[in-house]
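For reference, positions follow the sequence shown, starting with 1.
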Amino acid sequence: MVKQIVRDIFFLGQPSEPATKADIQVGKDLQDTLQANRERCVGMAANMIGVKKNIIIVNMGFIDVVMFNPVIVSKHDMYETEEGCLSLDGVRKTTRYQKIEVEYYDFNWKKQRQKLSGWTAQICQHEIDHLSGKII
């Protein structure tokens, strides 16, 4: 189901809680909401649709990947950049890493580990920041 985008900075600034198998529908709602905002958005965190759970979705070019309880386990090659966010106006400076490795659970609640680089790594880092309440 397509959800409304949350723009409340106080809500977005609160850390999310671990996701469980009971939160699978939130992942599906993220898929629908990202699809509805495709022209201006490449990733989302569950708090952007009003759910304080550790769930994100990242566009990886030809596919959107939903990650439950994602954790960055390694990061390399720091750089400075500017990012925008569907929940915020304008762009802000931030620090990211060119290469990351992330662990997460998929829709089948199977643990996955994936190496990301470049733009995809940047999107993933932005969305994981949302889960801890960090706003760029």
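The hydrophobic clustering, which links ILVMFWY residues whose side-chain heavy atoms are closer than 4.5 Å, places Val58 and Trp119 together. Grouping the Ile, Leu, Val, Met, Phe, Trp and Tyr side chains by contacts below 4.5 angstrom, directly or via other members, places Ile24 with Val66. Following chains of ILVMFWY side-chain contacts shorter than 4.5 Å, one can reach Ile128 starting from Met60, so the two form part of one hydrophobic cluster. The same ILVMFWY cluster, assembled from side-chain heavy atoms under 4.5 Å apart, contains both Met67 and Ile63. Under the 4.5 Å side-chain contact rule for hydrophobic residues, Ile136 and Ile100 do not share a cluster.
Tested against Asn37 for a side chain to side chain donor-acceptor pair (under 3.5 Å), the candidates Gln35, Arg40, Glu39 yield a single pass: Arg40. Of the residues listed (Arg96, Arg92, Lys93), the one engaging Glu83 in a salt bridge (Lys or Arg N to Asp or Glu O under 4.0 Å) is Arg96, and it is the only one. Put simply, the residue from Lys115, Gln114, Arg113 that forms a side chain to side chain donor-acceptor pair (under 3.5 Å) with Glu101 is Arg113.
Residue Leu34 holds its CG atom at 5.5 Å from SG of Cys41, rounded to the nearest 0.5 Å. Summarising the geometry, atom CD1 belonging to Ile57 is positioned 10.5 Å from atom CG belonging to Asp29; distances are rounded to the nearest 0.5 Å. A distance of 15.5 Å separates CG of Leu116 from OH of Tyr97, quoted to the nearest 0.5 Å. The line from OG1 of Thr33 to CE of Met48 is 9.5 Å long, rounded to the nearest 0.5 Å. The distance from the CD1 atom of Ile55 to the CG atom of Asp23 is 4.5 Å, given to the nearest 0.5 Å. Interatomic distance, Ser132 OG to Gln14 CD, rounded to the nearest 0.5 Å: 12.5 Å.
Looking at Asn108, its side chain never comes within 3.5 Å of a backbone N or O of Lys110 through a donor-acceptor pair. Remark: the backbone N or O of Val91 is not paired with any side-chain donor or acceptor of Glu82 at under 3.5 angstrom. Between the Ser87 side chain and the Val6 main chain, a donor and an acceptor come within less than 3.5 Å of each other.
A salt bridge is defined here as a Lys NZ or Arg NE, NH1 or NH2 lying under 4.0 Å from an Asp or Glu carboxylate O, and Glu103 with Lys111 meets this definition. With respect to Arg38 and Asp64, a salt bridge is recorded, a charged nitrogen being found less than 4.0 Å from a carboxylate O. A salt bridge does not link Asp32 with Lys3: none of the charged nitrogens is closer than 4.0 Å to a carboxylate oxygen.
For Gln25, the CD atom counts as densely surrounded, since its 6.0 Å shell holds more than 12 non-hydrogen atoms of other residues, nucleotides or ligands.
Using a 4.5 Å heavy-atom cutoff, the side chains of Ile56 and His130 are not in contact. Using a 4.5 Å heavy-atom threshold, the side chains of Leu131 and Asn47 count as separate. Looking only at side-chain heavy atoms (C-beta outward), Pro15 and Lys52 stay at 4.5 Å or farther from each other. Using a 4.5 Å cut-off on side-chain heavy atoms (C-beta onward), Asn54 and Glu17 make no contact.
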Ignoring hydrogens and angles, write down the donor-acceptor pairs under 3.5 Å from the side chains of residues 71-81, residues two or more places apart or on other chains.
residue: Tyr79; atom: OH; partner: Gln122; partner atom: OE1; Å: 3.0
residue: Glu80; atom: OE2; partner: Thr95; partner atom: OG1; Å: 2.9

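Of the N and O atoms on the side chains of Asp129 and Gln125, not one donor lies less than 3.5 Å from an acceptor on the other residue.
In terms of heavy atoms, Pro70 sits closest to Val102 at CB-CG2, 4.0 Å. Pairing each heavy atom of Ala19 with each of Asn69, the nearest pair is N-OD1, 2.7 Å. Annotation for His126 and Cys85: closest pair NE2-SG, 3.7 Å, computed over non-hydrogen atoms. Taking every heavy atom of both residues into account, Tyr104 and Val65 meet most closely at OH-CG1, 3.7 Å.
The ring-ring contact (aromatic ring centres under 6.0 Å, His included) pairs that include a residue from residues 51-70 are Phe68-Phe107, Phe68-Trp109, where partners are two or more places apart or lie in different chains.
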For this session: For Ile49 and Gln4, run side-chain contact (heavy atoms from CB on, under 4.5 Å): C-alpha distance rounded to whole Å, both residues' side-chain angles, the deciding distance at 0.1 Å, then the answer.
Result: CA-CA 6 Å; Ile49 61 169; Gln4 184 128 0; over 6 Å; no
